[in-house]
Amino acid sequence: MNDLREQLREAVASAFSQGRVRSFVCLEKGFYPFASIPAILHSGSEADRVQLGLSDAPLLAKYLLDAPKPAGIVVRQCDALGVSRLIRDRRVKREDLYIVSVSCPGVVDTAKIPVSPYQITALENAGDALLVHTALGRTELPWASVLLDRCLSCVSGSASPDADVVLEGEKEKLPAPVDYSGIDKVEHMTPDERYAMWEKEFAKCIRCFACRNACPACSCRKCSLDLAEPEWLSPAVTLPEQFMFHFTRAYHVAGRCVGCGECERACPVGLPLMKLNRKFTRDIETLFGVDDARIPRDVEVLGTFLPDDPEEFC
Amino acid sequence: MIRIGVFVCWCGSNIAGTVDVGKVAEESAKMPGVVHVEQNKYTCSDPGQDSIRKAIKEHRLDRVVVAACSPRMHEMTFRKCAASAGLNQYLVEMANIREHCSWVHSDMSVATPKAVDIVRRAVAKVKRSVPLFPSTIPVEKRALVIGGGIAGIQAALDIAEAGYEVTIVEREPTIGGRMAQLDKTFPTLDCSSCILTPKMVDAASHPGIRILTCSEVEDISGYVGNFQVRLRKRARSIDEARCTACGICISKCPTSRDSEFNMGLGTRKAIYMPFPQAVPNKPTIDREICRHFTEGKCGICQKVCPSGAVDFSQEDQVLNEKFGAVVAATGATQFSVEAYGEYGYGRYPDVITGLELERLISSTGPTDGKIRRPSDGRIPRTVVFIKCVGSRDENKGYPYCSKACCMYTAKHAILLKEKIPGASAYVFYMDVRAGGKDYEEFYQRSQEIGTRYVRGRVSRIYPLDGKLIVQGEDTLLGQRVEVEADLVVLAAAMVPQIDAPEMARKLGISYNQYGFFSEAHPKLRPVETNTAGVFLAGTCQGPKDIPETVAQASAAAVKVISLFAKSELTTNPNVASVDESLCSGCLWCMNVCPYKAIEEKIITERAGKETVTRSVASVNTGLCQGCGACTVACRDGAMNLLGFTNEQILAEVEALCL
Amino acid sequence: MSLDWQPKIVGFTCNWCSYAGADLAGTSRMSYPASVRIIRVPCSGRINPVFVIRAFQRGADGVLVAGCHPGDCHYSTGNMYARRRFQVARRFMEYLGMDPARLEIHWISASEGQKFQEVIRNMTDRIRAMGPNRKMREIL
Amino acid sequence: MCLLKILKTKGKRRMNYLNLSRHEGEWLPFAQAVEAEGGKKVLSCYQCGKCSAGCPVSFAMEEQPHQVIRMVQLGLSDRALNSPTIWRCAGCFTCTTRCPRGVDIAGVMSALRVIALARNVRTSRRAQAFHKVFLSLIKRYGRINEFELVVRYKLASMNLFQDLDLGLRMFMQGKLKPPRGIAGVRQLRSLFRHEKGGKRSGLRLLPGLQLTRHREGV
Amino acid sequence: MGYAYYPGCSLHGTAKEYDMSSRACLDFLGIEYRELPDWSCCGASSAHSVDHTLAVSLPARNLILAEQMNLPLMTPCTACYSRLRGAHHALRSDPGLARKVLTALGSEYKGRYEPLSILDVLYQYGPEAVGEKVTKKLKELKVACYYGCLLLRPPEYADFDDPENPGKMERLVETTGARAVDWPHRTECCGASLSLSDTKLVVSLATFIVDMAARHGAECIVTACPMCQANLDMRQRGRTKLPVYYVTELLGLAFGLEPKRLGLTTHMVNAMGLLRAKQLA
């Protein structure tokens with residue numbers, strides 16, 4: 001684990017020294033000793049701030065937009081999907097990037113640790129378990145039980161192929177299928193129950209747009225929902241407008257969502273936004289035979305068609 | 001300040017019969033922006049139109065709504081009318097209260113409020129309409145025909161006959177294409193060159209037609225009426241003006257190679273004419289093998305040429321020219337039958353393709369029209385024909401039917417019997433497809449003269465004691481059958497040119513999964529493409545026989561002619577337009593555009609201190625047809641469709657739902 | 001809900017097929033309920049699913065989306081995109097609780113005036129049975 | 001022999017016509033069953049006969065391979081399953097390799113054999129005997145012991161004396177040794193049980209060697 | 001590196017000379033291999049006629065064993081080759097079936113390595129390299145290379161060479177100095193799988209193939225398939241009887257190995273006669 005971090009640190013430093021990058025997007029220690037936050041480094045001297053990010057690592061991709069180019073970035077599989085999303089959306093150019101890819105055992109979600117973060121002194125990755133050190137002692141939790149949701153349906157734990165540097169750790173998270181059970185639950189409700197449920201959820205929404213800002217697929221220079229004319233969305237925070245907002249948001253990322261779940265984590269009121277995104281993801285997979293709708297393609301799934309697409313209208 | 005005039009039409013009793021026009025007028029008057037309302041018995045009549053013109057002037061109207069019939073009926077009428085009163089015609093909107101209201105309802109109490117809604121919709125929309133100006137584009141009245149096969153020749157002749165200039169671009173040293181290689185043609189059995197050569201000569205001698213051989217299209221840009229085309233004319237090493245085609249050079253040339261024209265069955269010299277009737281009737285030097293170019297030696301041709309036409313120093317020419325329309329007649333090629341290892345083509349010299357047999361039968365061919373088998377030159381007594389080699393075979397070839405093979409195989413069988421009395425012919429087939437005038441009769445004739453049709457596919461061929469053992473199945477007998485053949489002829493599939501996709505990209509047209517060019521509409525627009533001004537002729541669009549090809553070529557020609565008949569094209573101003581300040585440059589719109597009308601544009605702008613460049617979408621209004629698919633693909637709402645803007649549609653929705 | 005209640009159906013139709021189909025229904029005097037109000041767009045590919053939400057928001061009881069039959073699009077491929085977009089968008093609206101019957105997508109050619117009539121009749125009946133739409137709708 | 005004759009030989013008949021309507025309900029499910037057992041794309045066949053033509057053993061078949069395919073297409077399940085052809089197939093895949101429609105003819109044949117055995121269609125006693133013995137040996141030892149295979153098969157198929165000489169010579173050359181079992185045989189049996197729908201899985205492959213999920217490749 | 005060696009049932013019985021000669025060649029060329037511990041029957045040529053799933057799960061067990069050794073699986077037997085590759089292919093292309101089989105086996109299969117034929121291995125070693133090791137040229141030995149079915153068909157997964165016009169075996173054999181005759185029936189089926197159940201039929205096939213080889217001037221037949229070898233060897237009834245060798249036997253000879261060690265003495269049709277006549281053994 002640590003030697004991987006060491007390799008990573010060196011990779012970053014040398015990228016600067018070779019003049020490959022002007023800035024580097026990576027993780028560093030955050031407020032909590034164990035949790036990590038995003039950082040944009042501007043010189044090789046800062047290289048030792050680099051962390052692997054055992055827990056609570058945010059998706060780094062979108063920070064590229066603010067990083068001076070050419071920019072380096074440390075990616076796990078999920079970051080890699082985010083980055084290629086941005087490349088596909090032509091918000092960044094591949095040739096402006098220096099991608100260092102690390103294999104990933106999965107990222108711990110401290111929210112899933114039944115201990116208040118204040119008491120946690122340290123976290124430790126012990127193979128199949130997570131060791132939580134507190135002042136009172138040490139608890140052991142099964143590895144899978146404390147991972148971020150996105151890790152539970154990781155496309156692949158191994159490092160991403162098209163990177164400039166590939167660093168493989170000795171332990172990798174194995175790919176797993178997306179868990180659609182949540183979607184199924186909703187689908188099995190009656191329309192009225194569904195509507196009631198979403199009404200309840202959307203009522204919480206304070207329209208802070210955190211979901212939009214966190215999303216690697218929401219990278220428009222100016223979001224159409226902010227326009228005054230045409231008024232796609234009125235500033236009035238009424239329920240119908242909330243439906244309008246969340247429909248549009250989800251529809252705009254439909255077929256483009258990389259499944260990172262950052263929207264959900266960013267949401268201050270805890271809306272189950274992935275329940276919306278994944279609905280699209282699965283429908284697109286099943287309707288148009290896209291093998292893994294989370295992976296960005298050259299042509300957008302909704303921006304293309306096949307003459308023999310399923311026909312359900314008459 | 002918006003001043004809308006609403007003109008409600010009675011259409012006699014057509015509308016007034018079920019809609020309370022007075023009430024509609026009354027309600028319309030209350031709508032925001034409406035400053036003038038009028039009723040007319042027949043708004044489309046002259047008095048009706050006059051009243052509109054009058055009102056526009058008197059009330060300084062800057063928007064007009066006509067509540068009457070379907071826009072598909074009279075929109076043009078009222079737009080012209082408004083224009084004649086000095087109002088931009090695109091500030092007129094129609095409310096269809098006849099077809100969509102009075103004619104489908106009988107109860108005035110429901111029809112009237114609906115009519116009001118419909119008017120409100122129109123008012124809401126027109127309020128957000130802006131003046132639009134159709135641009136007119138000039139038409140360069142010169143046609144480019146790509147490909148000098150029978151399709152290209154026919155199209156060129158027809159266009160030129162109508163009095164327009166045509167340029168034929170052919171990459172081979174001569175025009176004529178595949179048809180020139182054929183001996184006779186079904187179902188009439190008249191000799192191919194006898195009907196083709198005259199056309200070739202006509203084309204060559206026609207004042208309106210220019211033929212560029214050894215030439216290829218390198219790049220095409222622009223749009224209908226205004227294509228910029230870059231052509232490369234490869235050096236022929238012959239001064240065509242001087243050459244008298246005496247042929248001495250050819251007879252004296254020491255080097256030779258397999259002749260493409262004879263499908264490799266014969267040879268040709270390094271300086272050569274593909275065939276005697278070639279047009280233009282000038283030799284060409286093949287620099288790949290010519291010893292002057294390979295070894296710097298020789299040069300005999302130059303010495304012997306009485307008119308000093310041989311010019312080794314000649315270089316490729318690049319021509320940049322402007323054309324108004326393009327006809328793609330790039331043709332098809334033959335499936336490479338090596339894919340069928342079990343038939344041993346390439347390993348067994350006496351397994352040949354249909355086209356090779358054509359050359360063996362043809363009097364201009366390597367055997368002077370005597371059918372001799374390649375291996376030992378013996379006259380074959382037993383010939384086996386195998387159909388659908390590469391066609392109807394998704395495993396080793398293509399799933400589609402090549403259409404011409406059934407008939408030319410029947411033809412081959414007949415010709416075989418003519419050339420070699422007593423020879424026996426076997427045809428292995430799955431189905432005989434003889435749809436077409438006199439085709440079925442022709443096929444029956446081939447049966448009546450004793451051709452044995454065996455229903456089944458051949459599984460394999462192997463040589464044994466100088467014979468080819470052909471093993472197949474007679475599915476009607478339900479038994480394996482075996483033929484000891486002297487010669488086996490494979491009816492190879494008709495497949496797209498290898499570089500068809502590349503050509504399609506140059507032309508900005510689409511092609512199907514095999515590489516055949518796609519027509520704009522399978523039934524209703526069979527020779528047009530999705531790119532205005534580009535038309536299709538012949539086998540580049542799909543397998544065809546000669547009659548079909550010629551028919552399609554003439555059809556394409558007519559399309560070109562009717563395009564050139566217009567002095568200039570007015571473009572529909574209802575096209576997509578980009579708000580560059582919003583565009584993030586994802587160019588998703590580019591992918592959905594069926595007309596390749598959207599391209600990337602790099603703009604520079606000041607961001608704070610530094611100036612940055614970024615790419616945005618930009619619409620070529622010459623190509624855009626205004627379908628609006630791009631607007632929905634655009635997430636950041638930068639793409640809009642003039643005349644049907646997001647603002648307008650959203651407003652219409654609001655107006656209707658009030 | 002009183003029987004004479006007239007649902008409000010917003011119809012988005014493409015100019016070349018479905019709008020013409022509606023015209024044909026008119027010229028051949030095929031009567032249908034006065035529930036539908038048509039918005040003409042050049043192609044079903046121009047219809048943004050967001051328009052549909054907006055319609056429901058502003059008080060539509062039903063929405064009809066109509067275009068040329070796949071393969072017959074005037075712009076050759078517009079309705080193909082529409083088909084994909086609405087297959088997912090429709091599922092999603094249902095997922096949000098919208099009753100499926102309130103949004104219908106049909107391919108109506110210029111020659112299918114009768115089909116247009118039937119579509120409107122059936123749709124109106126179904127929506128009548130359901131009553132006014134209250135979901136996603138602003139209180140007006 | 002031609003299709004017509006086959007059509008007459010078997011099956012319910014009214015005035016010598018094969019009544020296809022009677023089989024309407026059958027054709028899809030049967031074809032699906034065949035495809036499920038590995039007979040890919042059987043419905044795509046357009047009866048060109050290339051399979052039969054290339055088949056090394058079709059000369060010894062009453063009904064040609066493409067005719068059997070046809071039976072499947074028409075849903076004539078009894079006739080297809082009773083056809084000796086499916087047992088004559090040597091499984092050389094020449095047909096599959098050459099089929100222009102991508103039909104896995106050899107696959108269809110083995111699929112039909114599978115179904116025939118499952119439904120206990122007693123056409124080829126010999127073949128059935130052979131497979132029975134063969135699998136029983138795998139069940140017992142985990143490997144095939146040709147000596148025992150041959151002996152038991154001969155007993156089962158009642159033609160003791162065929163190849164006796166060969167057998168003897170082989171025995172002399174030590175090519176036919178007495179059987180020996182393997183360690184993982186219990187797990188193999190579980191496979192068979194599993195096939196019978198029995199719940200038994202997750203056995204260890206080798207004594208001491210347990211598969212681990214995460215640490216592979218280390 | 002190296003290979004997991006899967007002999008298969010026949011090589012422990014009727015085809016033991018193939019086993020012997022294969023090991024001999026591998027040893028001689030210094031190619032590392034370890035016999036797959038506790039390997040089990042791949043189910044050929046019966047399982048696929050009884051149960052589609054069984055036909056995959058039997059070979060699957062061996063594939064998994066090999067994957068645990070983290071070595072590519074290699075087998076001389078073409079029947080096994082076919083079954084193993086078929087299973088490998090099915091496990092990777094048919095998730096449903098894969099789940100069923102792997103749960104039954106209680107393990108997972110990544111399929112990192114494709115199962116190989118010993119010919120693949122020799123090819124990876126390189127025909128030239130093999131040629132260099134040849135000490136005794138098999139001059140003037142006219143050989144008909146016989147591929148049979150399972151190395152080449154169905155090409156979907158058994159793709160050792162061009163299914164209709166292969167040539168790899170010829171290249172290998174010619175490194176020994178022998179001459180490979182060109183004959184059309186090298187991919188024809190000899191009906192081995194019916195050898196027991198339908199002997200009459202098989203005799204005619206085998207005889208025909210051997211005759212064709214003879215007519216094209218071959219003095220012997222070379223194959224890489226125990227079924228073909230046994231079948232052609234036992235069932236040929238033609239006028240001229242041709243000995244049928246395994247590739248590895250000829251290679252072994254060319255390497256100068258002891259005929260006895262290669263099992264050449266245990267053929268049905270006298271294998272030594274020809275060789276002695278040519279002073280090759």
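To find a chain, count down the sequence lines: A is the first, B the second, and so on, and within it residues start at 1.
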Under 4.5 Å from a heavy atom of chain C, the part of B:D107 involved: neither
Which of C:R46, C:K8, C:M30 touches chain B most, by non-hydrogen pairs under 4.5 Å: C:R46
Carboxylate-amine/guanidinium contact B:E652 C:R37, below 4.0 Å: no
Minimum heavy-atom distance between B:R72 and C:Y19, given as atom pair plus value: CD-CD2, 3.7 Å
Within residues 78-98 of chain C, residues adjacent to chain B where the heavy-atom gap is under 4.5 Å: C:Y81, C:R85
Which of C:G26, C:S31, C:P33 touches chain B most, by non-hydrogen pairs under 4.5 Å: C:G26
Spatial distance of atom CH2 (C:W16) from atom SG (B:C627) [nearest 0.5 Å]: 11.5 Å
Region of C:D61 that comes under 4.5 Å of a non-hydrogen atom in chain B: neither
When C:I47, C:I38, C:T77 are compared by non-hydrogen pairs under 4.5 Å with chain B, the top option: C:I38
Greater than 12 external heavy atoms within 6.0 Å of C:Q114's CD: no
Options B:R525, B:K523, B:E654, ranked by heavy-atom pairs under 4.5 Å with chain C, top entry: B:E654
OG on B:S102 to CZ on C:R29, rounded to 0.5 Å: 7.5 Å
Partner chain B: residue of C:V50, C:V10, C:V36 with the largest heavy-atom pair count (under 4.5 Å): C:V36
Geometric class of the B:H100/C:F116 ring pair [parallel <30°, tilted 30-60°, perpendicular >60°]: parallel
Atom NZ of B:K559: over 12 foreign heavy atoms under 6.0 Å: no
B:C657 to C:R58 - nearest heavy-atom pair and separation: CB-O, 3.2 Å
Ion pair check, C:R40 and B:E75, cut-off under 4.0 Å: yes
Reported OH-to-CD distance for the pair C:Y75 and B:Q625, which is rounded to 0.5 angstrom: 8.0 Å
Residues in residues 113-125 of chain B that sit under 4.5 Å from chain C, counting heavy atoms only: B:K114, B:D117, B:R121
When C:D23, C:N15, C:N48 are compared by non-hydrogen pairs under 4.5 Å with chain B, the top option: C:D23
Max heavy-atom pair count under 4.5 Å with chain B, selected residue of C:P42, C:S76, C:A55, C:C43: C:P42
Flag side-chain contact, heavy atom, 4.5 Å: B:V632 against C:F51: no
Top contributor to chain C interface from B:P71, B:C630, B:S70, B:C69 [non-hydrogen pairs under 4.5 Å]: B:P71
Residue, of B:V110, B:L524, B:T631, that accumulates the most heavy atom pairs under 4.5 Å with chain C: B:T631
Which atoms of B:R98 approach chain C - backbone, side chain, both or neither, heavy atom under 4.5 Å: neither
Distance (rounded to the nearest 0.5 Å) between B:L650 CG and C:I39 CD1: 9.0 Å
